[in-house]
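Notes for the one structure printed next.
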Amino acid sequence: MLKIYNTLTRKKEDFIPLNPPAVTIYSCGPTVYDYFHIGNARSFVMSDIVRRYLIYSGYKVKFAMNLTDIDDKIINKANAMGIDSKEVAKKFSDAFFEDIDKLGLLRADINPRATEHIPEIIAMIEALIKNGKAYEVNGDVFYEIRKFDGYGKLSGKNIDNLESGSRVEVNEIKRDPLDFALWKSAKPGEPFWESPWGKGRPGWHIECSAMSCKHLGDTFDIHCGGSDLIFPHHENEIAQSEGATGKPFAKIWMHFGFLNIDNEKMSKSLGNVFNLRDMVKKYKPETLRFFYEQTHYASSLNFTAEALESADRGLEKVNNLFDTVKSALAGKPDSGAHSFDFEKSYIAFKEAMDDDFNSPKAIAVVFDFIKEVNTYIANGDNLTREFYEGALEFLKKTADGVLGILRTEKVENSDSGLEEELIQLLLKLRVDAKLEKNYALSDKIRNELLTLGITIQDTKEGSTYKKNR
RNA sequence: GGCGCUGUACCCAAGUGGCUUAAGGGGAAGGUCUGCAAAACCUUUAUUCGUCGGUUCGAAUCCGACCGGCGCCUCCA
């Protein structure tokens, strides 16, 4: 039984979907005004793990991740770049998809964009006004949080405490400092849409309510995002959706912990905001995923070069076994029974992930598995086709299917045929040198190739090589 | 001021009342294999879980105090 920690109830709960086997998930996506950074990437990867594991568990998952393509940050960026806000959104939306593909994220079933849902947004705001939860002032529409009884239930905040120590800026036109904008009237030169309240654009929070409602229904299973979104963004989403529909909004709220850089908060002033795009040039995408998954999703995580290098070396063990098994199968082993217990590892993996997506524990299961398989191979008994296929299947289902940390095939396919032939030629020359006991030459070939990122391994079956990328 | 999280080996990190006299990864040391390596395997690396008390037959796990670290309350994944 899968258990998930629910921010709303502050408890680990049994996961019972509304309409099994269907599961609906809404994950807060990027505001497309810049390349996303490695902190965003953590949230994206962890929501990808949630989704992949639910699929692994047999659910039919509908996964929506929004793109916020109109808001103040985009307008500011457009002004700074001297281009239209639409162009900004287009540029960074495209970049977003390129980057998540690199990270091995499954594409969402739906990527709703705010600007494509203006009618739905307006309809929801109208419903809120009709329900007495929102009011218009000179073309702006605000949500009146005092009219929503449950305001503060997600973040555990008491409205009165919020106000007393408030740093909320005073806005004369709002009835309460905590009231937030549903619709913002357009200032001269700003992009706008026509609405019953005049020309303007949606506030930040309303798009998620309107779009999740349209694509997943009034009530859906899981809503996830970074823990900084709990207040006010998610709190406001609940007020909007439940205030408009009168029905419960997301059943389970999942929040991902923050990423620090060298024990410091990522911030522009510290100059330690790293784009995923740049980081992927330095570290393999699987290494980044593995690094993220080695810590539970709810904990904060410290990003250091040392930790990434440690992750990179650890990941080698997974890929080494994958290579070993693949090449053993290519060697056409005999079929027949084996005595390896795969079931035990599957059960342990499920237990780990069922416990609130405990990926660090699941990774430990994979490493236990790797050691057992390597030992089994080292002992050399019953190394049948069935055994290797079983090992390959486990790695593909868990390390690849759920965790996404196996080295992908893409790189190998990018090798040119000539490069492969040249490397094989060098391997052959080296073997000849070894047979003549010309170790000076054979070691030179090995060392030179190593500096090119190619590691040679001599096995009983002959010399093989591995690219370190 | 309000709300919440957190302190586990050299580093990262799971475990949150007995299955653990503490998983897994990295690092380090020794060994097997090898011409030497690499990979893989074996052994070693926390009688101890920030400190001090308490509850309990039993605590890293619960409670209290204290000492650290951090987040949110404002845009933020």
Side-chain angles (χ1 to χ4, degrees), chain A residues 7 10 27-31 33 36-47 71-73 76 152 155-169 177-178 204 224-233 235 255-260 263-268 273 290-291 293-296 298-302 304 306-318 320-321 323-324 348 352 355 358-368 370-379 434 437-440 442-443 446-447 450 455-460 463-466:
Chain A
T7 307
R10 291 168 185 76
S27 180
C28 278
T31 299
Y33 73 107
F36 69 83
H37 55 66
I38 53 178
N40 298 309
R42 182 194 188 191
S43 289
F44 299 155
V45 167
M46 294 325 289
S47 65
D71 94 332
D72 292 354
K73 287 198 292 287
N76 292 340
S155 54
K157 294 192 185 305
N158 175 303
I159 300 175
D160 298 315
N161 286 339
L162 271 175
E163 296 199 19
S164 62
S166 176
R167 281 182 282 170
V168 176
E169 67 183 88
L178 290 170
W204 174 40
C224 54
S227 53
D228 56 319
L229 295 180
I230 295 172
F231 190 90
H233 185 54
E235 195 71 61
H255 289 100
F256 308 122
F258 249 52
L259 182 83
N260 294 322
N263 285 314
E264 286 188 298
K265 185 173 171 166
M266 224 193 297
S267 76
K268 294 207 168 129
V273 178
F290 181 65
F291 167 71
E293 293 163 9
Q294 271 186 304
T295 299
H296 185 79
S299 305
S300 62
L301 172 61
N302 194 28
T304 62
E306 188 191 9
L308 264 293
E309 277 148 25
S310 156
D312 192 54
R313 280 190 287 263
L315 196 53
E316 274 304 290
K317 293 182 88 158
V318 185
N320 282 341
L321 180 65
D323 291 343
T324 299
D355 184 14
N358 193 330
S359 56
K361 209 177 194 177
I363 285 172
V365 171
V366 171
F367 275 94
D368 285 340
I370 290 167
K371 179 169 269 193
E372 284 166 25
V373 169
N374 274 324
T375 302
Y376 190 85
I377 291 172
N379 290 338
K434 278 175 55 170
K437 296 202 189 299
N438 186 349
Y439 296 123
S442 67
D443 288 354
R446 184 170 65 197
N447 291 335
L450 187 59
T455 306
I456 290 184
Q457 298 183 4
D458 294 334
T459 67
K460 283 172 198 157
S463 265
T464 62
Y465 76 95
K466 186 171 74 169

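Chain A is the first sequence line, chain B the second, and so forth, proteins listed ahead of strands; every chain is numbered from 1. Just so it is clear, the model here is predicted, and its values are computed rather than measured.
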| query | Is there a side-chain contact between A:Phe291 and A:Asp312 (heavy atoms, below 4.5 Å)? | reply | no

| task | Find the distance A:Asn263:CG to B:C11:P and express it as a whole number of Å. | result | 12 Å

| Can you tell me how far P in B:G69 sits from the matching atom in B:C57, rounded to whole Å? | 38 Å

| Rounded interatomic separation in angstrom, taking NZ from A:Lys157 and P from B:G1 | 15 Å

| Spacing of A:Asn302 atom CG relative to B:G7 atom P, expressed in whole Å | 15 Å

| message | Measure CG/A:Asn358 against C1'/B:G15 and give the value in whole Å, please. | response | 9 Å

| Just the dot-bracket of RNA chain B, please: which string comes out with Watson-Crick or G-U pairs under 3.5 Å, [ ] for crossing, | for another strand? | ((((((((.[[[..)..(.....]]]((((((.......))))))....[[[[[..)....]]]]])))))))....

| query | With the threshold set at 4.0 Å, does a side-chain nitrogen-carboxylate oxygen contact exist between A:Arg446 and A:Asp443? | reply | yes

| field | Whole-angstrom distance between B:U16 and B:C10, as gauged at atom P | value | 24 Å

| Just checking A:Met266: base, sugar-phosphate only, or nothing, at a heavy-atom cut-off of under 4.0 Å? | base

| request: To the nearest 0.5 Å, tell me how far A:Met266 CE sits from A:Ile38 CD1. | output: 5.0 Å

| said: What contact category does A:Leu321 fall into here, base, sugar-phosphate, or nothing, at under 4.0 angstrom with non-hydrogen atoms? | reply: nothing

| request: Let me know the distance between CZ of A:Phe258 and P of B:U6, rounded to the nearest Å. | output: 17 Å

| For A:Thr455, side chain to side chain contact (heavy atoms under 4.5 Å, CB included) partners two or more places apart | A:Leu450, A:Asn468

| task | Nearest whole angstrom, please: distance from the C1' of B:U8 to the NE2 of A:His296. | result | 17 Å

| query | Has A:Asn374 got a side-chain N or O lying under 4.0 Å from the OP1 or OP2 atom of B:A40? | reply | no

| query | Between B:A23 and B:C42, how far is it from one P atom to the other, in whole Å? | reply | 16 Å

| task | Return yes if some donor-acceptor pair links the side-chain N/O of A:Arg42 with the main-chain N/O of A:Gly226 below 3.5 Å, else return no. | result | no

| query | For B:C41, does OP1 or OP2 lie under 4.0 Å from any side-chain N or O of A:Asn379? | reply | no

| query | What interatomic distance, in whole Å, is found between P of B:U55 and the corresponding atom of B:U61? | reply | 15 Å

| request: Let me know the distance between CG of A:Asn76 and P of B:C75, rounded to the nearest Å. | output: 14 Å

| said: Could you check whether any side-chain heavy atom of A:Phe290 comes within less than 4.5 Å of a side-chain heavy atom of A:Ile363, counting everything from C-beta outward? | reply: yes

| field | With A:Glu264 via side chain to side chain contact (heavy atoms under 4.5 Å, CB included) - residues at least two apart | value | A:Leu270, A:Asn272

| Is there a side-chain contact between A:Asn374 and A:Lys317, using heavy atoms and a 4.5 Å cut-off? | no

| request: For B:A77 and B:C49, measure between their C1' atoms and round to the nearest Å. | output: 31 Å

| request: Not counting sequence neighbours, which residues clear salt bridge (Lys or Arg N to Asp or Glu O under 4.0 Å) with A:Glu235? List them please. | output: none

| query | With rounding to whole Å, what would you report as the distance between B:G17 and B:G7 at their P atoms? | reply | 15 Å

| Contact class for A:Gly225 (heavy atom, under 4.0 Å): base, sugar-phosphate, or nothing? | sugar-phosphate

| message | Going by the rule salt bridge (Lys or Arg N to Asp or Glu O under 4.0 Å), which residues pair with A:Asp72 if we only count those two or more places apart in sequence or in a different chain? | response | A:Lys184, A:Arg201

| remark: Heavy-atom nearest nucleotide on RNA chain B taken for A:Arg42 and for A:Ser300; more 5' hit belongs to A:Ser300

| field | Atom P, compared across B:G64 and B:U6: separation rounded to whole Å | value | 14 Å

| remark: When rounded to whole Å, the CD to C1' distance for the pair A:Glu372 and B:A40 reads 15 Å

| request: State, to 0.1 Å, how close A:Asn358 and A:His296 come at their nearest heavy-atom pair, and which atoms those are. | output: CA-ND1, 4.0 Å

| Which parts of nucleotides 22-38 of chain B does protein reach within less than 4.0 Å, heavy atoms only, written one letter per nucleotide 5' to 3' as B for base, S for sugar-phosphate only and - for none? | -BSBSS-------BBBB

| query | What is the nucleic acid contact for A:His233, judged by heavy atoms within less than 4.0 Å: base, sugar-phosphate only, or nothing? | reply | nothing

| task | Determine the interatomic distance between P on B:G71 and the same-named atom on B:U51; round to the nearest Å. | result | 24 Å

